[in-house]
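Count residues from 1 along the sequence.
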Amino acid sequence: MAELSLCMVKMKTKPTLFILILFLLSFQINGQNIRWTLTGSLEGEKGQILQSATVTLLDPLDSTLLAFGVSGASGAFEIKNIRNEEVIVQVTYMGYEHFFQKIQRPENALSLNLGKVTLKEKTEELDEFTLEDIAPITIKKDTIEYHAEAFKTQPNANVEELLKRLPGVEIDQEGNIKAQGETVKRVLVDGKEFFGNDPKLATKNLLAEAIDKVQILDRKSEQSQFTGIDDGQREKTINLKLKEDYKKGFFGNLTGGYGSDNLYKLQGNLNRFSENQQLSFLGLSNNINEQGFSIEDYINFQGGVRSVASGGQIRITVGGPGGGSSGIPINSGQRLNGIMNSHAYGVNLNQDFNKNTKLRSSYFFNQLNHQITQDTDRLNFFPSGDFTFEEKSIQDNQSSNHRLNLIIDQKIDSLNSFRSTTNAQLNQTDRFGRSISSTKDMDGNLLNRGERSNLTFGNSYQANTEMLLRHRFKKPGKTISANLTFGFNSSDYEGILYAENEFFGTEEEVEILEQENTQQNQNLNYGVNLAYTEPLGGRKYLELVYNFTQNRNEVNREVFDRDGESLTFNRGLSNRFHAVYTYHRPGVNISYNPGKYNFVAGLAMQATSLNGELFLLNESINNNFINLLPSMRLNYGFSNTKNLMLNYQTSVNEPGIEQLQPVINNADPLNIFIGNPELRPAFNHSWQANYNSFDMGSFVNLFINAFVNFTENAIVNSQSIDERQIRTIMPVNVRNNTVVGGNINFGFPIKPLNSRFNIGPNLNYSRGFNLINELEDQIKISNVGGNVRYDFNWKEFVNLGLSANISRQNTSYAFNPMQNQLFLNQNYNAEIGLNFLDKYAASWNFNYLKFNSRTTDFDESIPLINLSFSRFVLKNNMGEIRISGNNLLNQNIGVVQRADINFIEQTVTNNLGRFILLSFTYKLNSKLNPMNASGRPGGGMRMMQIRN
C-alpha cells in the first residue's frame, strides 16, 4: 500500500509528464493508422502504353505481399489504403524486365505520384532463362481472371479441358459451362464474337496452349456499354485472351484418325488473328459421338416437332417447384447418349476496317444423325394409388442446321454511332420413333399396354435483326438511343402416327389410332426500345426507357384420321388460330457510381394484351395484364481482390398461346395435353448475391453465390388420371413456388507439394404446389451435394487431377409422406498426364459413375477408362501420332435418374462402346518457335515457375 501511495503521489506531482506520455502514445497510434495512396503510369522504352501490368507492394523486411494493383488502358495505376511507412514497389509485365524501387510515405501528404515508370524490354537471351512467378487468379472489380499457364493441360488439349481445371468453373459431359453457379451464355476471343453466341464452338475447337488468360465476367448490355451507366442487365461471359505469339500469322491444327469397327475422326481449324482481323475456319466429321458445336437447335426443333405433330411417345414436363419446370432433376453429367454421326464446317470473320467501322460475321453448318435405344422405368405416385410404367423405344433422328451471324458497328462521328445485328437459321429435321410401353399396379396387374410409331419431317426458318442508333450529347453522361427489332419465324412439317393401345380391367378394350397431320407456324415480331440518360451531378444518373413489342402468331394444324385409304378431317384435334401479343413497358432507372461501388434502382410498368381467335372453335381469347417491375443492383469493390454483387429483379411470365387455347394435343395418346384459357401471368422475384475474393499473398480464392426465386401465381402443369391410366395434363396457376440455392468454391494451394485443392459444396431447395387429380399437393425438393478437386503439377512433365461430384436429392409429398423419394448420384474422376523424354506423352482417365435410388432399390455403376499414348514428330514437335483406347471396359450404356412432381424415373440409353483409334495431329503455327528450338510442343526453352 505504501508503494502504491508513493506512485500516486509522484503521478500527481508530475501531471505534465504523464499527459505528455499519453499524447505521444496517441500520436504514434494515429500515425500507424494513416493510410496513403500510390499512383503512377507505366510505359515501355519506346513510349508504348503497358496495360494490365501488375504493380505489387512488398514489405522491405521479409518481401511479403502488402497490396497490388493493375495498370489501366492508359497505363495508369492506383493503389489505395497503404498502411506501411516504407514499401518496395515491384512492376512486372511479360516481355519486360522487372522494376524495383524502395519508397517511403511522403511527409505531410496522403499520396505519392511516381510519375512515368519506364520498363526495359528483355533480351532474347534473358527471356530464355527468366524465372517468373505468375498468380493463378487475379480479380479486377467484377472480372475474375485466370492465368492459363497456372493450370496445366495435356498437349493439343482444347480450351474445354483448360476450363475444367479452373476453380469455380463446371463443365458437364455435354460441354455446357457454368461459372459461379451460372450458365455461361457467350464465349469471346479477345473481346470479339466467335461464331455467334455458341460457347462450345470456341471451347471445343481452340487449343488451350493458345490462351494467355481466361476472364469470367458479367457482360453488360450494349446500352450500358454505350452510356457508361449500369442498367443492371448482365450475361455470364467468358473472354479468352490469346497469347501474343498467336496473334501473328496462322495457327491451328488438323487431326485425322481411324479405328476399330470403321470408326473415324476428322477435325481441323485454321486461325489468322491480328490486331485488326480474326479469321477462322473449322470443320469436323466423325462417328465417335464428338461434337464441336451445340446441338440445342436440333433438340429444340425436335421438341417442337414432337409436341405438335402427334408423333409417338413424348415426355411432357408436369411442372414442379420453380414455375412450370420439372423441379430439380438429377443428372450427374452424363455422356451424350445414343450413337451419333456429326459433320460440321464454318467460317468466322471479325474485321476492324478502321477505328470507326467494325464487322463481326460467321457462317456455320452442322449435320447430326442420332440413333437412340432407350429403356425407361418409372414409379408414379397418386393419392389413389401407385403404379409402374415401363417403356422400350428407338429413335432415328437426322437434322441439319445453317446459321448466319452478322454484326456491323459504325461510329459515324464522335457523338453518333450505329450497330446492326442480324442472325438467321435454317433447320431441316427428319425423325422416326417407335415405342412399346406398359402400365401395372403395385400388385403387378397389367393396366394398359401401348405400341406407337411415328414419322415426322419438316423445316424451320428464323431471321432476326436489331438496329441500334445512338447519340451522345456534348454534356458527359447525356445520351439518347433507339433500338429497332424485327424477327420472322416460320415452320412447316408433316407427321404420321400409328398407335395401338390395350386397356385392361373390368372391360378389356383395344384402341387403334392412325393419323396424318400437317402444321404451318408463322411468327412476326417487331418493336422499338428508346432510352434517354441525363446526368444529375455528383456521379448520379437518370435513365428513362420505353419499350414497345408486338408478336403476331399464326398456326394452322390439320389432323386427319386414316381408315384404309380414306382420310377424315379431325376437327377436335385440329387447330387454326391467330394471336397478337402486345407489350408496352415504360421505366425509369437511377444510378449512383461514386467509384468504390455502383448502385442502380429501377421501376418499370409492363402492360400486356393478348388477342387471339380460335377459328375452328369460334372462340376468342382476350386478356390484359398490368404489372409493376422494380429492380435493384449493387456492386461493391472492397479492394482489387474482393468484390460483392447484390441483385434484385422482377419479371412477368405470361402464358403462351398454346397454354391458353382449349385444344387437345394427343401427341402421346396416353398423355393428353389441353390448354387453359383462365391462366394468369406468373410474377417472379429474383434475389442474387455473389462474393469473390482472392488473396494475392496466399493464392487462396473464395467464390460464393446465393439466390432466391419466388414466383407468385406460378404456372404448373396439373395432371389427372382416369381408370384406364390415361393422364390428362393442363397448365394451372398455383399460389407460389420458391427456389433457394447457393454454392461455394474454396481453393488453396499446397506450395511445397505443387498442389492445389478446390472444394465446392452446393445446396438447392424448392417448395411448390401442384394439382394431382384435383388435390392440391405441396412438394419439397432438396438437393445437397458438391465437388472436390485435387490438382498436382510438376513442371510440364506431370499433371494429376482427382475429383468427385456427389448429389443427394430428397423429394417429399404432403399428401403421402410414405411416397417420399431419395436417391444419390456420384461421379468420381481421376486423370493423369505425362510428358517425358521430350518426344512422348501419355494420359489416363478413369471415370466412375454410380446411381442409387433408395425408393426403388435401383443401383447402377458405370466405370469408364480412356488411355492414350503419343509420339511427337517433325520439326519443333509440330506433329503428334496418338493411339487411344476409349471406353476400354466397354460400358455402352448411359443412365439418368430424376424425380419430378409425382414420379421417380430411371432411363438407360445405348452409348458408344469400346474402340481403339489411331490418329495424327499436325499443328500449324507460322510464328511460334522463331528460334526453331526443339523443346516441348509449342515452345522454346523458357523456364517458368507457376505459384500454385
A.B. asks: Look at the aromatic rings of Trp794 and Phe797 and report parallel, tilted or perpendicular, splitting at 30° and 60°.
C.D. replies: tilted
A.B. asks: Measuring from His370:NE2 to Ile339:CD1, what's the distance to the nearest 0.5 Å?
C.D. replies: 8.0 Å
A.B. asks: Could you work out, with ring-ring contact (aromatic ring centres under 6.0 Å, His included) as the rule, every residue matching Phe281, not counting sequence neighbours?
C.D. replies: none
A.B. asks: Side-chain contact, heavy-atom cut-off 4.5 Å: Arg272 with Gln277?
C.D. replies: yes
A.B. asks: How many angstroms lie between CG in Leu912 and CD in Gln891, if you round to the nearest 0.5 Å?
C.D. replies: 13.0 Å
A.B. asks: Working to the nearest 0.5 Å, report the span between CD1 of Ile883 and OG of Ser868.
C.D. replies: 10.0 Å
A.B. asks: Hey, is the main chain of Asn799 close enough, under 3.5 Å, to the side chain of Asp791 for a donor-acceptor pair?
C.D. replies: no
A.B. asks: Tell me if a side-chain donor or acceptor on Asn350 pairs with a main-chain N or O of Glu193 at a distance below 3.5 Å.
C.D. replies: yes
A.B. asks: Looking at CG of Asn866 and CG of Asn887, how far apart are the two atoms once the value is rounded to the nearest 0.5 Å?
C.D. replies: 7.0 Å
A.B. asks: Looking at every heavy atom in both Val187 and Ala202, which two are closest together, and how far apart are they?
C.D. replies: CG1-CB, 3.6 Å
A.B. asks: With side-chain contact (heavy atoms from CB on, under 4.5 Å) as the criterion, how do Lys120 and Phe99 come out once you've worked through the C-alpha distance, each side chain's angles and the decisive distance to 0.1 Å?
C.D. replies: CA-CA 9 Å; Lys120 297 181 180 180; Phe99 171 87; over 6 Å; no
A.B. asks: Determine the minimum heavy-atom distance between Ser362 and Asn348, stating which atoms define it.
C.D. replies: CB-OD1, 3.4 Å
A.B. asks: Parallel under 30°, tilted from 30 to 60°, perpendicular over 60°: which one fits the rings of Phe364 and Phe195?
C.D. replies: perpendicular
A.B. asks: Can you check whether Glu121 reaches Gln48 side chain to side chain, under 4.5 Å on heavy atoms?
C.D. replies: yes
A.B. asks: Testing the 3.5 Å rule here: is there a donor-acceptor pair between the side chains of Asn269 and Asn271?
C.D. replies: yes
A.B. asks: For the residue pair Asn762 and Gly786, what are the closest heavy atoms and their distance?
C.D. replies: ND2-CA, 3.4 Å
A.B. asks: Does atom CD (Glu45) have a neighbourhood of more than 12 heavy atoms from anything else shown, all under 6.0 Å?
C.D. replies: yes
A.B. asks: Between Glu831 and Leu800, is there a side-chain heavy-atom distance shorter than 4.5 Å?
C.D. replies: no
A.B. asks: Under 4.5 Å between any side-chain heavy atoms of Asn827 and Asn787, yes or no?
C.D. replies: no
A.B. asks: Sequence neighbours left out, what passes ring-ring contact (aromatic ring centres under 6.0 Å, His included) with Phe100? Give chain and number order.
C.D. replies: none
A.B. asks: Where do Asn877 and Lys923 come nearest, in terms of heavy atoms and distance?
C.D. replies: O-CE, 4.3 Å
A.B. asks: Just do the side chain to side chain donor-acceptor pair (under 3.5 Å) check on Glu209 and Tyr246 with the steps written out, would you?
C.D. replies: CA-CA 10 Å; Glu209 65 185 48; Tyr246 285 84; 3.2 Å; yes
A.B. asks: In Å, rounded to the nearest 0.5 Å, how long is the span from CD of Gln90 to CG of Leu58?
C.D. replies: 5.5 Å
A.B. asks: Rounded to the nearest 0.5 Å, how far apart are CD1 of Ile916 and CG of Leu263?
C.D. replies: 10.5 Å
A.B. asks: Say whether, by atom type as modelled, one donor and one acceptor occur between the side chain of Ser71 and the main chain of Leu50 under 3.5 angstrom.
C.D. replies: yes
A.B. asks: Please verify the inter-ring angle class for Tyr93 with Tyr96; under 30° counts as parallel, over 60° as perpendicular, anything in between as tilted.
C.D. replies: tilted
A.B. asks: Dump the intermediate steps for side-chain contact (heavy atoms from CB on, under 4.5 Å) on Leu924 and Leu254, then the final yes or no.
C.D. replies: CA-CA 8 Å; Leu924 173 65; Leu254 301 172; over 6 Å; no
A.B. asks: Start with the C-alpha gap between Arg789 and Asn745, add the side-chain angles, then the distance that decides, and say whether side-chain contact (heavy atoms from CB on, under 4.5 Å) holds.
C.D. replies: CA-CA 11 Å; Arg789 182 176 178 90; Asn745 183 273; over 6 Å; no
A.B. asks: Quick one: are Leu119 and Leu42 in side-chain contact, heavy atoms under 4.5 Å?
C.D. replies: no
A.B. asks: Is the distance between the ring centroids of Tyr264 and Tyr258 less than 6.0 Å?
C.D. replies: no
A.B. asks: Do Gln278 and Arg360 have side chains that get closer than 4.5 Å, going by heavy atoms?
C.D. replies: no
A.B. asks: For Asn286 and Ser342, which I'm curious about, is there any donor-acceptor pair between the side chains at under 3.5 Å?
C.D. replies: no
A.B. asks: Judged by atom type as modelled, is there a donor-acceptor pair below 3.5 Å linking the side chain of Asn239 to the main-chain atoms of Gly191?
C.D. replies: yes
A.B. asks: Before you tell me yes or no, could you show the steps for Asn253 and Glu880 under side-chain contact (heavy atoms from CB on, under 4.5 Å), namely the whole-Å CA-CA distance, both residues' side-chain angles and the distance that decides it to 0.1 Å?
C.D. replies: CA-CA 10 Å; Asn253 66 336; Glu880 178 189 0; over 6 Å; no
A.B. asks: Of all the heavy-atom pairs spanning Asn158 and Lys204, show the shortest one and how long it is.
C.D. replies: ND2-O, 3.5 Å
A.B. asks: If the plane angle is over 60° it's perpendicular, under 30° parallel, otherwise tilted; pick one for Tyr790 and Phe757.
C.D. replies: tilted
A.B. asks: Between Phe836 and Val798, is there a side-chain heavy-atom distance shorter than 4.5 Å?
C.D. replies: no
A.B. asks: Side-chain contact, heavy-atom cut-off 4.5 Å: Leu240 with Val214?
C.D. replies: yes
A.B. asks: Is it true that Lys200 and Glu160 have a side-chain N and a carboxylate O under 4.0 angstrom from each other?
C.D. replies: no
A.B. asks: Grab the two heavy atoms, one from Gly259 and one from Leu917, that are nearest each other, plus how far apart they are.
C.D. replies: N-CD1, 3.5 Å
A.B. asks: In terms of side-chain heavy atoms, does Ser285 have a donor or acceptor partner in His343 at a distance below 3.5 Å?
C.D. replies: yes
A.B. asks: Is Asn643 reaching over with its side chain to a backbone N or O of Tyr691, donor-acceptor style, under 3.5 angstrom?
C.D. replies: no
